[in-house]
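For reference, the structure is listed below as structure tokens.
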Amino acid sequence: MSSEENKSLNFIEAMIEEDLKSGKHNGRIQTRFPPEPNGYLHIGHAKSICLNFGLAKKYNGKCNLRFDDTNPVKEDVEYVDSIKEDIRWLGFEWEDREYFASDYFDQLYEWAKLLVKKGLAYVDESSADEVAATRGTPTVPGKESPFRNRPVEENLDLLERMKSGEFPDGSRVLRAKIDMASPNMHMRDPVMYRIKHAHHHRTGNKWCIYPMYDFAHGQSDFIEGITHSLCTLEFEVHRPLYDWFLDNIIEDSDVNAKRTHQTEFARLNMNYTVMSKRLLLQLVKENHVDGWDDPRMPTISGLRRRGYTPESVRNFAERVGVAKRENTIDVGLLEHCVREDLNKSSQRIMGVINPLKVTIENYPEGKSEDLDAVNNPEDENMGTRKVPFSRNLFIEQDDFMEEPPKKFFRLAPGSEVRLRYAYFITCKKVVKNENGEVVELICTYDPESKGGNSPDGRKVKGTLHWVSAEHAVESEIRLYDRLFEKENPYDTKEGETFLDNMNKDSLKIVTGYIEPFIKDATMNHYQFERLGYFYRDRKITGEKPVFNRTATLRDSWAKIAKQ
RNA sequence: UGACCCGUGGUGUAAUUGGCAACACGUCUGAUUUUGGUUCAGAAGAGUCCAAGUUCGAGCCUUGGCGGGUCAACCA
């Protein structure tokens with residue numbers, strides 16, 4: 001708390017503190033997170049969630065969850081449920097403040113009638129094409145609709161009949177009467193209601209006219225007493241309309257205490273991925289990924305299944321900051337945040353992903369012994385475990401080179417390394433198949449070096465992870481990489497789409513050999529020593545346990561090897 | 001050629017009443033290490049889009065450029 005207070009404020013916090021000081025809203029802070037239930041939440045939403053809920057928490061206010069469900073043809077309860085699950089998983093709580101824009105449909109309709117009576121709204125019988133054609137362009141003013149100056153009574157009658165289902169979809173709309181010549185396109189008589197004979201996930205068949213976003217959002221904020229309505233930059237041009245509706249609808253005398261204001265901030269963009277619900281939906285529908293929660297997806301559910309922790313995502317949102325400038329953050333920052341969290345907390349185990357047989361020729365056949373291994377060097381309280389050693393082992397193929405470069409500290413013909421928590425071994429012989437590929441290493445071990453230290457003080461440069469072949473548990477390992485090859489997936493050649501930039505190797509499934517500890521282990525997150533963080537995927541149920549790679553460990557050897 | 005918003009190391013975010021441009025990620029050294037992980041110590045990297053103005057002093061204020069973004073769904 002105290003460290004938080006010393007940090008500099010982002011521009012929204014600064015504004016809130018100003019408001020608090022000036023006594024605006026009587027010191028009350030109320031925010032809201034307003035998703036449309038037409039897709040799954042992604043990391044960009046996580047930024048918004050952390051912002052809205054975080055601000056409420058910091059300033060002793062409340063944050064509502066409100067579903068912006070004004071378009072029944074795109075929305076679904078599946079999405080409502082997933083959204084709630086994701087917000088809870090992130091660690092935020094909206095208590096009983098779960099609202100739907102559709103809760104306000106009756107009130108919204110009354111307000112629509114009010115605007116009609118004030119001569120500020122009219123029923124337009126133009127087609128969608130006509131409305132579009134007469135809207136003008138940013139530099140050319142629009143033309144007024146021939147229906148614009150109908151008498152109030154006629155508008156009222158028509159609106160009522162629209163509501164009662166008398167007219168087919170698209171035949172009429174209710175429009176605000178503002179200014180067809182406004183330089184702001186959104187003020188050129190925006191549509192308030194359209195006819196959609198569609199079933200709504202909440203209101204069923206009660207309505208066949210539905211309010212547009214602009215006619216619903218500000219009023220919903222007002223109804224809920226939102227003090228700070230935060231949204232992304234592209235809604236900036238909507239703000240005059242947000243204000244216009246509120247100004248013309250609210251008749252309350254103490255309107256200023258209740259008045260809500262929209263503030264825009266820059267949305268989150270991240271490299272090597274896409275962050276649009278439309279494109280994410282396309283990836284799902286066209287089966288380029290395995291559902292919304294595919295661990296390669298930037299969705300919250302995908303990150304969860306990948307093994308990200310709520311803590312790490314919140315931390316990420318904090319570090320990313322809030323401003324009005326377009327930004328693209330490096331996915332490396334997200335990875336850094338999980339590593340930071342998982343390093344402190346995760347159980348270490350040894351597992352070999354790309355096995356190379358090692359036979360310890362001077363270790364008795366049939367013998368095995370249990371050696372002590374530390375569960376988490378960052379947390380002594382996590383204790384130790386036993387890991388079995390025997391004559392036949394697997395090590396990682398990458399940990400052996402027949403002709404090693406100078407800085408290679410691992411196993412090579414004649415070299416000695418430590419097997420973690422076990423013994424020093426020396427490579428005596430390399431066995432190859434008819435293709436010349438190394439298939440087995442014949443090694444000797446130093447019985448004096450049990451546990452990993454030699455009494456004569458001999459040092460070795462390398463320490464390898466390993467697993468006893470006969471004791472190892474086979475498992476399915478899913479190695480994930482970035483979904484797109486290019487930093488900017490939209491950077492395409494003529495005739496290509498973002499799909500052409502997909503990384504064909506974003507998922508590799510291999511068999512891993514894990515130390516037997518895993519059989520009874522109940523944790524979800526593990527660090528496979530020297531390899532990375534892995535998450536037990538319980539959604540996939542088969543004979544073998546499945547592990548998703550959350551992130552690799554930082555690998556300074558990989559950098560050296562590249563040179 | 002309209003309106004609105006935004007330009008600070010490679011990336012992201014700071015710099016409170018104008019006062020030595022800071023922090024994080026990344027990068028590079030070195031130390032420690034039974035994970036080439038972690039940790040620790042250090043370094044490089046921007047003179048704040050450009051120009052003029054105000055000022056003792058401008059990233060911050062003014063003016064004019066330049067560059068980028070958003071807006072013309074009966075989507076949100």
Side-chain angles (χ1 to χ4, degrees), chain A residues 7-10 14 34-36 38 68-71 73-75 101 124 126-129 131-133 135-142 169-175 182-188 190-196 209-210 212-214 216-217 231-240 264 266 268 271 277-278 318-330 332-337 339-340 343-344 348 350 373-374 377-378 407-410 418-422 451-453 460-465 527-532 552-561:
Chain A
K7 273 165 86 183
S8 59
L9 306 174
N10 64 47
E36 183 190 12
N38 69 342
D68 223 332
D69 57 350
T70 56
N71 186 2
V73 302
K74 286 190 179 170
E75 295 153 7
D124 194 340
S126 309
S127 68
D129 288 344
V131 169
R135 194 174 322 268
T137 70
T139 52
V140 178
D169 288 7
S171 61
R172 282 163 182 79
V173 288
L174 181 70
R175 288 228 256 171
S182 170
N184 182 338
M185 300 292 290
H186 295 275
M187 300 300 273
R188 320 241 266 227
V191 173
M192 294 163 59
Y193 270 97
R194 73 286 214 194
I195 303 171
K196 279 178 194 281
I209 57 172
Y210 291 93
M212 298 287 289
Y213 165 85
D214 287 305
H217 202 92
C231 62
T232 46
L233 252 27
E234 65 273 25
F235 290 97
E236 214 149 23
V237 281
H238 293 244
R239 184 161 16 111
E264 309 84 12
L268 172 74
N271 55 12
K277 273 202 252 182
R278 186 175 62 84
E318 181 64 37
R319 290 189 199 209
V320 150
V322 181
K324 298 194 72 158
R325 174 174 13 164
E326 288 292 331
N327 62 83
T328 304
I329 9 165
D330 194 328
L333 181 62
L334 220 207
E335 288 173 356
H336 171 263
C337 290
R339 290 193 187 108
E340 185 182 45
N343 175 53
K344 288 180 297 189
R348 268 62 168 177
M350 291 197 285
V374 173
E378 305 293 317
K407 286 182 175 167
F408 188 80
F409 303 145
R410 290 122 76 152
R418 168 169 41 233
L419 293 182
R420 184 149 225 229
Y421 302 126
N453 283 304
V460 288
K461 281 259 191 147
T463 300
L464 311 186
H465 63 279
Q527 185 200 95
F528 288 13
E529 294 224 21
R530 304 211 304 138
L531 293 177
T552 60
L553 256 31
R554 283 183 73 218
D555 189 354
S556 46
W557 164 245
K559 285 179 203 159
I560 297 168

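Each chain gets a letter, A, B and so on, in the order its sequence line appears, and its residues count up from 1. From a predicted model like this one, the values you see are computed outputs, not experimental measurements.
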First encountered from the 5' end of RNA chain B, between E234(A) and R420(A): R420(A)
Under 4.0 Å, counting only non-hydrogen atoms across every strand here, what does [X] touch: a base, just sugar-phosphate, or nothing?
{"X": "P34(A)", "value": "nothing"}
{"X": "R410(A)", "value": "base"}
{"X": "L531(A)", "value": "nothing"}
{"X": "S126(A)", "value": "base"}
{"X": "F528(A)", "value": "nothing"}
{"X": "H238(A)", "value": "base"}
{"X": "K559(A)", "value": "sugar-phosphate"}

Measuring to OP1 and OP2 of [N], would you say a side-chain N or O of [X] lies under 4.0 angstrom away?
{"X": "R554(A)", "N": "U38(B)", "result": "yes"}
{"X": "R194(A)", "N": "C75(B)", "result": "yes"}
{"X": "T137(A)", "N": "G2(B)", "result": "no"}
{"X": "H336(A)", "N": "C25(B)", "result": "yes"}
{"X": "R188(A)", "N": "A3(B)", "result": "no"}

Dot-bracket summary - RNA chain B, pairs being Watson-Crick or G-U whose distances fall under 3.5 Å, with | when paired to another strand: .((((((..((((.....[..)))).(((((.......))))).....(((((..]....))))))))))).....
Rounded P spacing from C49(B) to G10(B) in Å: 13 Å
Separation between the P atoms of G7(B) and C61(B), rounded to whole Å: 10 Å
Base of A76(B) and ring of Y213(A) stacked, centres under 5.5 Å, planes under 30°: no
Nearest-nucleotide pick for P138(A), side chain only, options being G36(B), A72(B), C74(B): A72(B)
Minimum-distance nucleotide (side-chain atoms of E378(A) versus U70(B), G37(B), G36(B)): G37(B)
Check nucleotides 10-15 of chain B against the protein and report each pair of N or O atoms closer than 3.5 Å, with its distance, or say if there are none.
unit_1	atom_1	unit_2	atom_2	d
U11(B)	O3'	T328(A)	O	3.2
U11(B)	O2'	T328(A)	O	3.1
G12(B)	OP1	T328(A)	N	3.1
G12(B)	O2'	V320(A)	O	2.7
A14(B)	OP1	V322(A)	O	3.2
A14(B)	O2'	S8(A)	OG	2.9

